[in-house]
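None of these values were measured; they are calculated from a predicted model. First listed ligand is number 1; within each ligand, the first listed atom is number 1. Atom set for the values below is all heavy atoms of this structure, side chains included, hydrogens, waters and symmetry mates excluded.
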Amino acid sequence: MHFTKVFAALSLFGTVALGQTKVKVMPLGDSITEITCWRASLWDNLVNAGLASQVDFVGSMSNNPENCRAATGSFDLNHEGHSGWLAIDIANNYLQGWLASYKPDIVMFMLGTNDVFQGRGTNDIMNAYTKMVQLMRASNPNMKIIVDLVIPATFSNNGLQAINAQIPNWARNLNSTASPIYIADTATGYTTGMLRDGVHPNAQGDALITQRLTPVLLPLIRASLGGGQTPTQPPTTTSPPTQTSQPTQTPTPTAVQPTPGTVAKWGQCGGNGYNGPTGCVSGSTCQKINDWYSQCI
Ligand SMILES: *[C@@H]1O[C@H](CO)[C@@H](O)[C@H](O)[C@H]1NC(C)=O
């Protein structure tokens with residue numbers, strides 16, 4: 001990295017430490033992070049955006065129980081998804097150590113589902129979220145935080161919806177310029193038909209999670225690399241892509257292999273700072289989602 005680039009990164013955003021060339025992203029969660037394939041398809045989107053070589057997924061786990069395959073080849077297996085674990089326990093007993101070991105620049109998390117299954121109250125869960133944010137900021141005052149809305153389950157859905165109802169105000173109240181919190185709306189439009197077993201995403205669910213995380217994560221990575229100012233929240237919460245354009249359409253995993261220079265369906269095809277291909281495979285067109293992200297839909 002050139003000195004000027006380092007200087008720009010420090011002065012504009014202050015995230016990536018001097019000498020560090022990759023942005024460290026920690027996927028944090030439970031089985032919905034561990035035994036699913038959205039991490040692979042999210043990595044595909046980093047590859048297609050030309051960012052994968054500058055990103056390091058971090059965490060103590062590196063398993064691939066579902067044998068997920070990235071369409072672009074292999075993906076960075078590291079993560080901090082722990083099947084069956086509660087947000088409350090992770091906040092109280094584990095997160096501090098993981099942060100100390102892996103020093104992420106960005107943490108993206110989906111947690112609370114197991115807490116709900118085990119009868120924990122919404123307030124206790126939100127207090128655990130708050131404690132996690134405090135630990136993240138103690139570890140890195142410039143931590144960028146992405147909180148996913150929890151996906152539905154066929155059981156205990158009221159408790160899950162209660163978490164999602166709290167998240168917007170919770171995030172606004174804890175937000176800060178140095179350590180912004182972004183919401184990835186991984187819940188709107190998520191139907192129980194996107195669950196393989198009542199709890200975990202099937203391929204459609206993985207695709208929806210990937211689709212909603214991508215426009216939140218990619219601008220944060222670019223900004224961390226010094227490519228821009230702190231992004232504003234993409235409008236995923238108020239106007240999810242699948243609902244604004246084609247209400248009846250559900251996301252499908254990337255099935256069509258892109259030819260060089262063309263972008264697969266649901267892939268990125270434009271946006272500020274994006275340098276990749278802009279042509280979409282036939283059957284889809286490039287639509288602007290926000291200033292930072294256009295997608296083949
Ligand atoms: C947090 O602040 C950033 C700007 O620093 C903003 O883009 C984002 O939308 C805010 N998050 C929430 C949940 O309001």
Side-chain angles (χ1 to χ4, degrees), residues 8-16 23-29 42 49 51 87 91 95 104-112 122-123 125-151 160-190 208-209 211-241 243-244 268 270-274 288-295:
L10 288 171
S11 58
L12 279 176
F13 209 58
T15 293
V16 178
V23 181
K24 295 184 197 167
V25 180
M26 176 180 280
L28 170 67
L42 187 61
L51 291 172
L95 183 60
D105 304 298
I106 300 171
V107 175
M108 50 184 185
F109 74 92
M110 185 190 297
L111 276 167
T122 309
N123 285 346
I125 297 168
M126 298 317 295
N127 287 339
Y129 274 32
T130 300
K131 177 155 191 190
M132 289 195 289
V133 166
Q134 289 164 348
L135 292 171
M136 290 174 203
R137 288 173 174 169
S139 154
N140 175 358
N142 295 313
M143 187 76 81
K144 309 300 177 281
I145 300 163
I146 300 173
V147 53
D148 299 348
L149 300 188
V150 288
I151 63 171
L160 297 173
Q161 283 170 8
I163 297 175
N164 286 348
Q166 296 281 317
I167 284 177
N169 275 333
W170 169 85
R172 258 193 299 276
N173 289 337
L174 274 183
N175 209 6
S176 82
T177 307
S179 173
I181 302 175
Y182 299 89
I183 298 167
D185 182 357
T186 42
T188 302
Y190 200 115
L208 184 142
I209 291 171
Q211 184 205 16
R212 304 294 168 78
L213 262 176
T214 299
V216 184
L217 179 63
L218 266 55
L220 274 186
I221 290 171
R222 290 203 179 94
S224 295
L225 291 165
Q229 297 170 339
T230 308
T232 53
Q233 171 85 51
T236 50
T237 305
T238 48
S239 54
Q243 298 218 329
T244 47
Q268 184 174 12
N272 289 351
Y274 173 76
K288 179 176 172 175
I289 307 295
N290 58 52
D291 285 348
W292 299 90
Y293 195 76
S294 298
Q295 186 176 40

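Atom CZ of R212 and atom OG1 of T188 lie 6.0 Å apart (nearest 0.5 Å).
Listed by first then second residue, pairs satisfying ring-ring contact (aromatic ring centres under 6.0 Å, His included) with a partner in residues 129-151 read F109-Y129, Y129-W170, not counting sequence neighbours.
The closest donor-acceptor contact from the side chain of S224 to the backbone of L220 lies under 3.5 Å. Of the possible polar contacts, none joining the D148 side chain to the V150 backbone as a donor-acceptor pair under 3.5 Å is found.
Nearest to atom 10 (C) of ligand 1 by heavy atom, out of I183, N175, V147, I167, is N175.
Side-chain contact of N175 with R172: a donor-acceptor pair under 3.5 Å is absent, judged by distance alone.
Within ligand 1, counting atoms from 1 as listed, the ones closer than 4.0 Å to a heavy atom of Y182 are 7 (O). Applying the 4.0 Å criterion to heavy atoms of R172 picks out, from ligand 1, the atoms 14 (O). The ligand atoms of ligand 1 that sit less than 4.0 angstrom from a heavy atom of A171 are 13 (C).
At a 3.5 angstrom cut-off on N or O pairs, I181 counts as close to ligand 1. At a 3.5 angstrom cut-off on N or O pairs, T177 does not count as close to ligand 1.
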